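Read through the structure below, which is laid out as structure tokens, and then see the notes.
Keep in mind that what you see is a predicted model, and the values were worked out from it rather than measured.
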Amino acid sequence: MYRILLLVTSFSLFSHLSLSQDLRTRLGRSFVNPDSADIIFELEKVNLKNAGDSGIYFFFYAEKFNRAQDQNEKAKEYFLKSASLLDPDRTSDMISLCYIRLNRLESMAGNWDQSLFYSQKGLENATAALDTNYMGYALLDISVVYHDMEDYAKGVEYGKKAYNLLTEFSQGNPTFEAFALNAIGINFDDWGKPDSALYYHFKIIENIDQLDSTRISFTFNNIGNTLLKQKKYAEAQSWLETAVSVNNQDEDAYSLAANYTNLATIAYNLNDFGKAYIMMDSAAKYVEISQSTEKKRDYLYEQFRFHKAMSKPEQAMAYLEEYAVLKDSIFKEERVKLMGELEAKYEIQTKERELAESRATLAENEVLIGNRNNQLLLLLVLILIVLGVAFFIYYRQMTKNRHLEQEAKLQAILSEQETQKRLQEQRNRISSDLHDNIGAQLTFIVSSLDNLKYIELSKEKMASKVDQISAFTVETVNELRDTIWAMNKDHISLEDLQVRLSNLINKAQASFPNLHFELQFDEKLSMDQKLNSMEGVNMYRVAQEAVNNAVKHSGASQITTWLGTEAGKVALKVRDNGRGISEQNGLGNGLSNMRTRAERIGRKLILNSSAQTGTEVCIL
């Protein structure tokens, strides 16, 4: 009875797998016959028996939008839907493909954080399925994202992890190995290490007999790109023209955008500006078709260099400004802070060995079942029972471990959300500071300029008035730079603050050579210590205001700025040996602003002043 039940169960399982595999094959026809894709999808709806089948269906449906190139949001929607429905035990490779596609779509849009997130999800899926090839693919995708984020050291690190993993696996996919070598090469190229870049690109060419040239057309472009940077224009052009020829076969807009941008660069470097115009037009066409933020960034920068070489500064600056806006939009997003630890090579090899041993044991058991007598069959049943108990214990432990991992991930997510909330609060404060200070100052400048139209002044007075407005404008620009300096950082190290204070003191000394300025630091301070961006910019502003007040009003001959620690916190003091502040003068706007800044970061502003000792402004 037991054997009959086992046979029925096995037959049911294999039949279901076969049906799912047939569904995958039938839906695959939508690739071969895109004109009939809608009919194929409509006919196959009635054959969806479970969630796994729906996952397969939505994968091919997403690919329809992915191939359309202007339907990226629809493609993302259905790839996510497919990944959530696919059965990881039967179609883990399709789940990996979903995350590979999502990585590409987000990268094309310049959303590096989301791109990294999907690569990590793909790595987790492939690791759970012990799929070494797709584990390597996820790692090389991470390498490419770090390249696009201009973090080339990490890009090389992850590319080498991918390549080592794939080459040490006996059934490593040669195409995936080529992709990993390419990831390493492009990181070295843009890192300014052309010899290392060419070494890895030519390793792909060594194995070209095992590869489809259309799938590695990027290699020809990348070799040409590296040679171009070395000013070996003739060699570079030969490789790039080969790339164009291969990419034209399947109309790869993304690759053609890079090919023509590089060919345009060669042309204008050789002073062939007519050809450069033609190549730039072709590049613009394929940048538009590919919708790639990365390729648009490269194209705009080369247009700037091209028009600069043509001595057309106005057009060059227009392209440079457009390039700067696009680049800022890419890098202003928070970069990914946390990445899960990857499987160690030793653990992967151990799991592969254990899996192979388990399969060998099952094969031996099947042979024994068919060839042993009833006594050995009874012994086999007892062994299966023991294995079942062991598997149950193992499964329960794995479930427990999985729950613990999920709890840990949840805690990490909550912690990240809290961190993001604090960062947003800081940014809101800095935005308010921009509005209240910079906005008001710009309004004053505009009003002052408008008033000049209605006032008749002598030439000397008009020049004096303009000088005053110019000085005020310079001060406003400096404050804006300080605010941007703070907004671009999650944290500000004491070393950063030291540099800013040193610049402040140097400028003051240059402007007032008769005064003696000094900057002191407590030896107990660690330059690696971090302040949040709000603390850093407000402490710097208080120092700036205090030094300006001392120069303008104190009549001092010496002004000292001190940075140290008091009561376990970073403290700031600005001292002068001037006449002090009389009570009749009150705090004034400058001191009132300093007190407001101190309170904004949860500190106190203490003012010590007398006619004998001068004035000391402290943030404690």
(Q) Please give me the minimum heavy-atom distance between Ala236 and Leu228, naming the atom from each residue. (A) CB-N, 3.6 Å
Q: For Glu251, look at atom CD and say whether over 12 heavy atoms of other residues, nucleotides or ligands are found less than 6.0 Å away.
A: no
Q. Taking atom types as modelled, is there a side-chain donor on Gln303 or Tyr323 under 3.5 Å from an acceptor on the other?
A. no
Q. Under 4.0 Å between a Lys/Arg side-chain N and an Asp/Glu carboxylate O for Glu288 and Lys285?
A. no
(Q) Tell me whether the NZ or CZ atom of Lys295 lies within the 45° cone about the ring axis of Tyr254 and under 6.0 Å from its centre. (A) yes
Q. Would a 4.5 Å heavy-atom cut-off, applied to side chains only, mark Ile205 and His201 as touching?
A. no
Q: State, to 0.1 Å, how close Ala316 and Phe304 come at their nearest heavy-atom pair, and which atoms those are.
A: O-CD1, 3.2 Å
**Q.** Atom of Leu140, atom of Ala180 and distance for their closest heavy-atom approach
**A.** CD2-N, 3.8 Å
Q | Ring centre gap for Phe176 and Tyr134 strictly below 6.0 Å | A | yes
Q) Only one of Phe59, Phe60, Phe58, Phe41 forms a ring-ring contact (aromatic ring centres under 6.0 Å, His included) with Tyr78, so which one is it? A) Phe58
(Q) Does any part of the side chain of Arg101, heavy atoms only, come nearer than 4.5 Å to the side chain of Glu63, both counted from C-beta? (A) yes
**Q.** Note, Glu44 side chain near Arg29 side chain (heavy atom, < 4.5 Å)
**A.** yes
Q) Should Lys530 and Asp496 count as an ion pair when the cut-off is N to O under 4.0 Å? A) no
**Q.** Leu326 side, atom CG; Tyr301 side, atom OH - distance, nearest 0.5 Å
**A.** 14.0 Å
Q) Looking at OH of Tyr199 and CD1 of Ile184, how far apart are the two atoms once the value is rounded to the nearest 0.5 Å? A) 9.5 Å
Q: Enter the distance from Lys193:NZ to Asn187:CG here, rounded to the nearest 0.5 Å.
A: 10.5 Å
Q: Determine whether Phe220 and Glu241 make a side-chain contact, defined as any pair of heavy atoms from C-beta on separated by less than 4.5 Å.
A: no
Q.
In this structure, is the centre-to-centre distance between the rings of Tyr152 and Tyr146 below 6.0 Å?
A. no
Q) Is any side-chain heavy atom of Val144 less than 4.5 Å from a side-chain heavy atom of Ser107? A) no
Q.
A cation-pi test, strictly: NZ or CZ of Lys203 under 6.0 Å from the centre of the six-membered ring of Tyr200 and no more than 45 degrees from its axis. Yes or no?
A. no
Q | Nearest atoms (heavy-atom pairs only) where Ser119 meets Asn103 | A | OG-ND2, 2.7 Å
Q) Which value, rounded to the nearest 0.5 Å, describes the distance between Asn125 atom CG and Ile95 atom CD1? A) 4.5 Å
**Q.** Min side-chain heavy-atom separation Tyr233-Glu235 under 4.5 Å
**A.** no
Q. With a cut-off of 6.0 Å (strictly less than), are more than 12 heavy atoms of other residues, nucleotides or ligands near NZ of Lys296?
A. no
Q: Mark yes when over 12 heavy atoms from residues, nucleotides or ligands other than Lys229 sit less than 6.0 Å from its NZ; otherwise mark no.
A: yes
**Q.** Nearest heavy atoms of His147 and Ile186, plus distance in Å
**A.** CD2-O, 3.4 Å
Q) Among side-chain atoms of Asn225 and Asp189, is any donor-acceptor pair under 3.5 angstrom? A) yes
Q. What's the spacing between Leu105 CG and Tyr118 OH if we round to 0.5 Å?
A. 9.5 Å
Q. Would Gln315 and Tyr319 satisfy side chain to side chain donor-acceptor pair (under 3.5 Å), going step by step from the backbone distance to the final call?
A. CA-CA 6 Å; Gln315 295 93 324; Tyr319 280 112; over 6 Å; no
Q) Is Phe306 close to Phe273 at the side-chain level, that is, under 4.5 Å between some pair of heavy atoms? A) yes
Q.
Please check if the number of heavy atoms outside Tyr277 that lie under 6.0 Å from its OH is greater than 12.
A. yes
Q: Heavy atoms only: give me the nearest Ser30-Ile40 pair and the separation to one decimal.
A: N-CD1, 3.8 Å
Q.
Measuring only between side-chain heavy atoms, which start at C-beta, is Phe179 closer than 4.5 Å to Thr175?
A. yes
Q. Where the side chain of Asn66 meets the backbone of Ala62, is there a donor-acceptor pair that is under 3.5 Å apart?
A. no
(Q) So, taking the atom named CD1 in Ile100 and the one named CG in Asp141, what distance separates them when rounded to the nearest 0.5 Å? (A) 6.0 Å
Q. Ion pair present between Glu157 and Lys154, side-chain N to carboxylate O less than 4.0 angstrom?
A. no
